[in-house]
Amino acid sequence: MDNQVLVEISARHVHVSKEDLETLFGKDYELTVKKELSQPGQYACNERVKVVGSKGEFPAVSILGPCRNATQVEISLTDARSIGVAAPVRESGDVAGSGACKLVGPAGEVELTEGVIAAKRHIHATTADAERMGLTNGEIVQVEIPTANGRNLTFGDVVVRVSDSYALAMHIDTDESNAAGMAPNTMGTIIK
């Protein structure tokens, strides 16, 4: 069984709703593509916003496009502590009752009463990838990360997300990649 997956590092970023985008950047504003990402149709934008918490701020956080139904801020747990916000570990989109912050753009500000999370580590897979690897949507697996620096690490609680709109990859945040001393283009081994 092929059980290898590319492990990608997901740095802090913001997903915005169309309404919040217009508040932050102006009426009828459209996001502009800086770089295509590995997931089909997803891209890093030229636009950045300030993320403000009770103890500090990040002055220029990337927006990822396209717009979503709800605005969401994804940061690491270290990031959350450093700016004084709550960031429960959640799957993307599960923002009910999550952390609050303020977003500041060139045209306005948005007070988020919820929407700040630390993204749960996950694997994106197409239906064909999942079948080939014997995985199912929502399944929890482990992924072993080999490193050349003596910091090999096996991540537990990795959720498998299956959709034909995905490309095969595992996403972890910067805290997790630093814990493993991970290098770019690292391949992880899925353990069931």
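The figures that follow rest on heavy atoms only: side chains count, while hydrogens, waters and symmetry mates do not.
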Checklist entry - Looking at side-chain heavy atoms only, is the closest gap between Phe58 and Val14 below 4.5 Å? => result no
Checklist entry - Hey, does Val52 have a side-chain heavy atom less than 4.5 Å from the side chain of Glu109? => result no
Checklist outcome for this item: d(Tyr29 OH, Glu47 CD) to nearest 0.5 Å is 3.5 Å
Checklist entry - Transitively linked via ILVMFWY side-chain contacts under 4.5 Å: Ile9 with Tyr166? => result no
Next on the checklist: Side-chain heavy atoms nearer than 4.5 Å, only ILVMFWY residues, links allowed to pass through others: does that put Val104 and Phe25 together?
Outcome noted: no
Checklist entry - From Ile63 CD1 over to Lys34 NZ, what is the distance, rounded to the nearest 0.5 angstrom? => result 12.0 Å
Checklist entry - Charged N to carboxylate O under 4.0 angstrom, Asp2 versus Arg132? => result yes
Checklist entry - Between Met187 and Phe155, is there a shared hydrophobic cluster once you connect ILVMFWY residues whose side-chain heavy atoms come closer than 4.5 Å? => result no
Checklist entry - Between the side chain of Ser98 and the main-chain N/O of Glu114, is any donor-acceptor distance below 3.5 Å? => result no
Checklist entry - Should Met170 and Leu64 be counted in the same cluster of Ile, Leu, Val, Met, Phe, Trp and Tyr side chains packed under 4.5 Å apart? => result no
Next on the checklist: For Ser62 and Arg48: C-alpha separation, side-chain torsions, deciding distance, then whether side chain to side chain contact (heavy atoms under 4.5 Å, CB included) applies.
Outcome noted: CA-CA 5 Å; Ser62 292; Arg48 294 175 174 263; 3.3 Å; yes
Checklist entry - Taking atom CG of Leu6 and atom NE2 of His124, what is their separation to the nearest 0.5 Å? => result 11.5 Å
Next on the checklist: Under the criterion side chain to side chain contact (heavy atoms under 4.5 Å, CB included), I'd like the reasoning laid out for Val85 against Ile75: C-alpha separation, chi angles, the key distance, then a yes or no.
Outcome noted: CA-CA 10 Å; Val85 299; Ile75 59 178; 3.7 Å; yes
Checklist outcome for this item: side-chain contact (heavy atoms from CB on, under 4.5 Å) filter on Thr23, not counting sequence neighbours, yields Val110
Item to check | Test side chain to side chain contact (heavy atoms under 4.5 Å, CB included) applied to Met182 and Ile172, step by step | outcome: CA-CA 11 Å; Met182 203 178 85; Ile172 61 176; 3.8 Å; yes
Item to check | Check: Arg121 side chain, Gly156 main-chain N or O, donor-acceptor pair, under 3.5 Å | outcome: yes
Next on the checklist: Are the side chains of Val51 and Val116 in contact, using a 4.5 Å heavy-atom criterion?
Outcome noted: no
Item to check | Thr71 side, atom OG1; Leu21 side, atom CG - distance, nearest 0.5 Å | outcome: 8.5 Å
Checklist outcome for this item: Sorted by chain and residue number, the side-chain contact (heavy atoms from CB on, under 4.5 Å) partners of Asn137 (sequence neighbours excluded) come out as Arg161, Val162
Checklist entry - Shared ILVMFWY cluster between Val143 and Ile191, side chains joined below 4.5 angstrom? => result no
Checklist entry - How many angstroms lie between atom CD1 of Ile145 and atom CG of Leu153, to the nearest 0.5 angstrom? => result 7.0 Å
Next on the checklist: Would the distance check show the side chain of Glu74 and the main-chain N or O of Ile117 forming a donor-acceptor pair, the cut-off being under 3.5 Å?
Outcome noted: no
Item to check | Check ion pair Glu30-Lys18 (N to O, under 4.0 angstrom) | outcome: yes
Next on the checklist: Whether Lys192 and Glu139 form a salt bridge (side-chain N of Lys/Arg under 4.0 Å from carboxylate O of Asp/Glu) is what I want to check.
Outcome noted: yes
Item to check | Main-chain N/O of Lys120 paired with Glu91 side-chain donor or acceptor, under 3.5 Å | outcome: no
Checklist outcome for this item: From the list His122, Arg68, His15, side-chain hydrogen bond (donor to acceptor under 3.5 Å, both in side chains) with Ser92 holds only for Arg68
Checklist entry - Which residues satisfy the side-chain contact (heavy atoms from CB on, under 4.5 Å) test with Ser10, sequence neighbours excluded? => result His13
Next on the checklist: Side chains of Leu112 and Asp20, heavy atoms from C-beta outward: is any pair under 4.5 Å?
Outcome noted: yes
Checklist entry - How would you list all residue pairs meeting side chain to side chain donor-acceptor pair (under 3.5 Å) that involve residues 140-152, not counting sequence neighbours? => result Thr147-Asn149, Thr147-Asn152
Checklist entry - Ser163 and Ser165: side-chain donor and acceptor closer than 3.5 Å? => result yes
Item to check | Exam field: side chain Glu176 to backbone Asp173, donor-acceptor pair closer than 3.5 Å | outcome: yes
Checklist entry - Which pairs, with at least one residue in residues 35-45 and sequence neighbours excluded, count as a side chain to side chain donor-acceptor pair (under 3.5 Å)? => result Glu8-Ser38
Checklist entry - Does the side chain of Leu24 reach to within under 4.5 Å of the side chain of Leu103, using non-hydrogen atoms? => result yes
Item to check | Pairs meeting criterion side chain to side chain donor-acceptor pair (under 3.5 Å) with involvement of residues 182-191, two or more places apart | outcome: Gln4-Thr189
Checklist entry - With a 4.5 Å heavy-atom cut-off, do Leu168 and Val5 have their side chains touching? => result yes
Checklist entry - Between atom CG of Leu77 and atom OG1 of Thr174, what is the distance when rounded to the nearest 0.5 Å? => result 9.5 Å
